Amino acid sequence: MNKTLFTLAASVALGAMAASADEVRVYNWSDYIDEDLLTKFEEETGLKLIYDVFDSNEVLETKMLAGGSGYDVVVPSGTFLQRQITAGAFQKLDTGKLANHGNLWDVIASRTEKYDPENAYSINYMWGTTGIGVNVGKVQEVLGADAPIGSLDLVFNPANMEKLAACGVHFLDAPAEIIPAALAYIGEDPDSHDKDIIAKAEPILTAVRPYVQKFHSSEYINALANGDICVAIGWSGDILQARDRAAEAENGVEIAYNAPSEGALMWFDQMAIPADAPNPEGAHTFLNFIMDAQNMADASNYVYYANGNLASQPLLEEDVIGDPAIYPDEATLKNLYTTTPYPAKVQRVVTRMWTKIKSGT
Ligand code: N2P
């Protein structure tokens, strides 16, 4: 080990040791909580909260598989969680320390069991869909009043994208979501693990690549709200937050979210405790705080994502619980699909394909 590496490793180890019992380190998605809850947690528990954010499952996964992240609570989506559980990245929850566990919603728990049998390692924080956000005025200006804003044709048909490029299009930098969407567009199984099927997504994405201004998973919120871009493939609540930011700015930008008619991915973001968490006790305190009905309602009311907490539902605003883009009705639900983790060999193919698509070569 050279000196720099040694110094680095030593300071990482020291950093982990320095994490004390009165400190909790949480690593959550960006734009995913009402910040008032962070202060409330510190006031109520006397614990110091260190709250960092990410916008990509892949980034979180790299940290989880390497170990020594220094975090006490992290929030992978179900498919990623499943893979990381198998790799030994998490510790089982001690439900004896989670007095609010009974607030959880069995409908969601029964779905997340698919990724985490018996929900032994995780609780659902929030869930949502991956779809299309549009600046209604600009898109209609470019494509006409009958622009297919509710269809994947908007973003995967090169004829549409060529025109939309002028007003700006962002795609999520999320291969495990964009590739399934491209497969759904051509009528293939979005959850296919067959390399030959997955390969069919490549020409779809390559054909529209020249018209994608950026692959990024959080900048699109402000970019849509400010009118800097007119289309984003993004996450439901983020696009609804963009809608609100535009409305608050009174800048004449009208943002709409649609789960595509060809089917949309339904995902589940799960709070879990890393196997090597410096403060597992504090992690349980944080999870229990989050599972409080009022706290969870405050979080959902702020970020426009549905949660896995039944007791929070009477406390949700009507524009949250009553919006089928957030709490899907039966008809919307029928049009949602879920995915399962790619086996290692398939994952390598997907990662290579994604790098190639993004680089545009
Ligand atoms: C929050 C995005 C979380 C959804 N900004 C991605 N699983």
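The basis for the numbers below is simple: all heavy atoms, side chains too, and nothing from hydrogens, waters or symmetry mates. Indexing begins at 1, ligand by ligand and atom by atom, following the structure's order. On a predicted model such as this, the values are computed, not experimentally measured, just so you know.
- Between Trp29 and Trp235, the ring planes are perpendicular. Angles over 60° get that label, and only those under 30° would be called parallel.
- The backbone N or O of Val169 sits nowhere less than 3.5 Å from a side-chain atom of Gln213 that would complete a donor-acceptor pair.
- In terms of protein heavy-atom proximity, atom 2 (C) of ligand 1 is nearest to Trp235 CE3, 3.6 Å.
- Here Lys358 pairs with Asp173 in a salt bridge; the nearest charged N to carboxylate O distance falls below 4.0 Å.
- The distance from ligand 1 to the heavy atoms of Asp238 drops below 4.0 Å at these ligand atoms: 1 (C), 2 (C), 5 (N).
- Shown here for Ala109 and Asn119, the closest heavy-atom pair between the two residues is O-ND2, 3.0 Å.
- Although no hydrogens or angles enter the test, the distance criterion places no donor-acceptor pair under 3.5 Å between the side chain of Asn258 and the main chain of Ala325.
- The protein non-hydrogen atom at the shortest distance from atom 7 (N) of ligand 1 is Asp269 OD2, 2.8 Å.
- Close contacts between ligand 1 and Ser30 involve ligand atoms 1 (C), 5 (N) [criterion: under 4.0 Å to a heavy atom].
- Set against the non-hydrogen atoms of Ser77, the atoms of ligand 1 under 4.0 Å away are 7 (N).
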